[in-house]
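Each remark here refers to the structure printed beneath this line.
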Number of protein chains: 2
Amino acid sequence: MTGSGALILLVEDEPQMRRFLRVSLEGSGYRYLEAGTGQEGLALAVQHRPEAILLDLGLPDMDGLEVVSRLREWSRIPVIVISARGQETDKVDALDAGADDYLTKPFGTRELLARVRVALRHGGLEAAQEPVFVLDRWRVDLAKRQVLMDGKEVHLTPLEYSLFTTLIRHAGKVVTHRQLLKEVWGGAAGAQPLYLRVYMTQLRHKLEAEPSRPKYLQTEPGVGYRLRMED
Amino acid sequence: MTGSGALILLVEDEPQMRRFLRVSLEGSGYRYLEAGTGQEGLALAVQHRPEAILLDLGLPDMDGLEVVSRLREWSRIPVIVISARGQETDKVDALDAGADDYLTKPFGTRELLARVRVALRHGGLEAAQEPVFVLDRWRVDLAKRQVLMDGKEVHLTPLEYSLFTTLIRHAGKVVTHRQLLKEVWGGAAGAQPLYLRVYMTQLRHKLEAEPSRPKYLQTEPGVGYRLRMED
DNA sequence: GGATTTCCTAACGCCTTCTTAACACCGTTC
DNA sequence: GAACGGTGTTAAGAAGGCGTTAGGAAATCC
């Protein structure tokens, strides 16, 4: 529930508040990006496409409202405004400029984090792009944990799937025996290089057209294995 | 910009607050619907599909948080909670239950209206998805909490229903044992993987043509379960 | 307060998956 | 060409996960 490393952009010039927010966000497992001016904030938003933005209205270079409307020209990234000004007019103006929420200082960490979760919930709906790996006849949907071959489902056991996706994560590169054993069988001892040969054989039989002459699941003698990407 | 007659549902039992809100909303050109209890509110939401909901937490018949989570079983209609309780815990709980905003009484009319505009902006983005899930012989009406098979109603116990709809919400994806236990039995400890096996068996007997050879309610050995979507 | 439904729990047998071993194959080296 | 290290292949036993049933506890309904 605590967001798996969503990227948050913080636009704030006061060092003290910056530190407070940094600790709060990092403590909840979010990735973190910060800007001290509106210009810098807009630039970082363009470059990194954060999943939410915390914006202080009192910036040195430009009005916070302008930051919001400039951002809204091209993006719907959720913006939570943070401000010392608690007047109703300020809130209305910020919200109408395109902000999604308005929090008046001082505020509690837990409320802030709850409102960040709401913002991520909103943003997540649009950008729900699933990581899908496609190669030749294969289609691997990592979100669904599903492997299709020519559109038909191929059943892989947990170890087979883990081995296959590990090769996919390092697609094209050689993955050493040691590394595969560590990532698939999990650091613990007892994992033998023999396992790799057994499971590579099984994978080839399930996924390769000619298991004895693999086109993609290739052996790198003395080093490890590799998922070939060409063709 | 002031919304051309969007339909707002107000769930509130205090007559005074009702009058205040009615005047505010109608004055801004919104159409208007009101309920005095949680039950009535949920029923009106199902019937009229309002574009936003203003919800008071202090209702006579049921907890406001339950209203939100019941609503979230089938709908993403924006919910703005209005409450006299200003404690941080109250806010966090409501927002995490699925509310989109939290306003503490007393509040200003203009801020309320600004936050309503934000809510309508959010709601407008998403395509109004039907709260009915259809697959092969099944038809699940998430708003009515009703499961039909070949047009005939199938009775599911609360746990069976919760398990089934959890799989539906992640349709096509594998849902891990851990995740299912958390979502169905609620984070609290004590939930054992054994439960899943028992209730999956029951679900298959009620919903599958060949319970011993399930077509849709599939096991992913060592990982979890999945509602298959193909065919 | 009794009846009914729903939930939890234990037991048992089956089936998938993992591990392990044995052997065949290939290229290289001496 | 025989020996050797590394790899591919197959199969069988072991371990653990899963499906299924049933009975009693708990909650709910009337």
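Chain identifiers are assigned alphabetically (A, B, ...) following the order of the sequence lines, protein sequences preceding nucleic acid strands; residue numbering begins at 1 within each chain.
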>> Donor-acceptor check, side chain of B:T165 to backbone of B:I168, threshold 3.5 angstrom: yes or no?
In response: no

> Mind checking whether B:R85 and B:K91 have side chains closer than 4.5 Å, heavy atoms only?
Replying inline: no

> When the C1' atoms of the five terminal pairs at each end define the local axes, what inter-axis angle does the helix from C:dG1-D:dC30 to C:dC30-D:dG1 show, to 10 degrees?
Replying inline: 20°

>> Per the salt bridge (Lys or Arg N to Asp or Glu O under 4.0 Å) rule, what does the pair list look like for residues 158-176 of chain A, sequence neighbours excluded?
In response: A:E160-A:K206, A:R169-A:E183

>> Among C:dT20, D:dT7, D:dT20, which nucleotide has an atom closest to any side-chain atom of A:H177?
In response: D:dT7

> Is the shortest heavy-atom distance from the side chain of B:I77 to the side chain of B:E51 under 4.5 Å?
Replying inline: no

> Okay, side chain of A:E26, backbone of A:Y32: is any donor-acceptor separation there less than 3.5 Å?
Replying inline: no

Would you be so kind as to tabulate the donor-acceptor pairs closer than 3.5 Å made by side chains of residues 37-44 of chain B, with sequence neighbours excluded?
unit_1	atom_1	unit_2	atom_2	d
B:T37	OG1	B:E40	N	3.1
B:E40	OE1	B:G36	N	3.2

> In whole Å, what is the span from the CD atom of A:E208 to the C1' atom of D:dT9?
Replying inline: 16 Å

> Any side-chain N or O of B:Q192 under 4.0 Å from OP1/OP2 of C:dT9?
Replying inline: yes

>> Any heavy-atom pair between the side chains of A:H205 and A:S212 that's under 4.5 Å?
In response: no

> If you check the A:T201 side chain, which of D:dG8, C:dT20, D:dT20 turns out closest?
Replying inline: D:dG8

Donor-acceptor contacts under 3.5 Å from residues 148-155 of chain A side chains, at least two apart:
unit_1	atom_1	unit_2	atom_2	d
A:D150	OD1	A:R137	NE	3.2
A:D150	OD2	A:R137	NE	3.1
A:D150	OD2	A:R137	NH2	2.7
A:E153	OE1	A:Q146	NE2	3.4
A:E153	OE2	B:R226	NH2	3.0

> What is the distance from CG of A:L196 to P of C:dT20, rounded to the nearest Å?
Replying inline: 14 Å

>> I need the residues from residues 156-164 of chain B with at least one non-hydrogen atom less than 4.0 Å from DNA chain D; give them sorted by number, or say none.
In response: none

> If you draw a 6.0 Å radius around CZ in A:R139, do more than 12 non-hydrogen atoms from other residues or ligands fall strictly inside?
Replying inline: no

>> B:R204: which residues meet the salt bridge (Lys or Arg N to Asp or Glu O under 4.0 Å) condition with it, sequence neighbours left out?
In response: none

What N/O pairs connect the protein and nucleotides 12-14 of chain D at under 3.5 Å? Give each pair on its own line.
none

>> Once side-chain hydrogen bond (donor to acceptor under 3.5 Å, both in side chains) is applied, do any residues pair with B:R72, and if so which ones, sequence neighbours excluded?
In response: B:D100

> Between B:E73 and B:K144, is there a side-chain N and carboxylate O pair less than 4.0 Å apart?
Replying inline: no

>> Checking B:R22 now: which residues fulfil salt bridge (Lys or Arg N to Asp or Glu O under 4.0 Å) with it, not counting sequence neighbours?
In response: B:E34

> So among A:L33, A:L25, A:I80, which one has a side-chain contact (heavy atoms from CB on, under 4.5 Å) with A:I8?
Replying inline: A:L25

>> Taking the ring centre of each residue, are A:F133 and A:W138 less than 6.0 Å apart?
In response: no

> Listed in order of residue number, which residues of residues 213-224 of chain B have a non-hydrogen atom at under 4.0 Å from DNA chain D?
Replying inline: B:T219, B:P221, B:G222

> Which residue, B:H155 or B:Y195, contacts DNA chain C at a nucleotide closer to its 5' end, judged by nearest heavy atom?
Replying inline: B:H155

> With respect to the side chain of B:Y225, which nucleotide from C:dT5, C:dT9, D:dG19 is positioned closest?
Replying inline: D:dG19

> Mind checking whether B:Y225 and B:H177 have parallel, tilted or perpendicular rings, split at 30° and 60°?
Replying inline: perpendicular

> Can you give one letter per nucleotide of nucleotides 23-30 of chain D, 5' to 3': B if a protein heavy atom sits under 4.0 Å from the base, S if only from the sugar-phosphate, - if neither?
Replying inline: --------

>> To the closest 0.5 Å, what do you measure between CG (B:L194) and OH (B:Y199)?
In response: 10.0 Å

> Is any side-chain N of the basic residue among B:R18 and B:D13 closer than 4.0 Å to the acidic one's carboxylate O?
Replying inline: no

> For residues 137-147 of chain B, which residues have at least one heavy atom under 4.0 Å from DNA chain D?
Replying inline: none

>> What is the distance, to the nearest angstrom, from the CZ atom on B:R197 to the P atom on C:dA10?
In response: 12 Å

> Atom CG of A:L194 to atom P of C:dA22: distance rounded to whole Å?
Replying inline: 12 Å

> Quick one: does B:Y102's side chain get under 4.5 Å of B:D90's, heavy atoms only?
Replying inline: yes

> In whole angstrom, what separates B:Y199's OH from C:dC8's P?
Replying inline: 5 Å

> How many Å lie between CZ on A:R226 and P on D:dT7, as a whole number?
Replying inline: 15 Å

> Roughly how many Å is it from CD in B:Q202 to P in C:dC8, rounded to a whole number?
Replying inline: 11 Å

> Reckon B:W185 has a side-chain N or O less than 4.0 Å from the OP1 or OP2 of C:dC7?
Replying inline: no

>> Rounding to an integer number of Å, can you tell me how far B:M200 CE sits from D:dT21 P?
In response: 15 Å

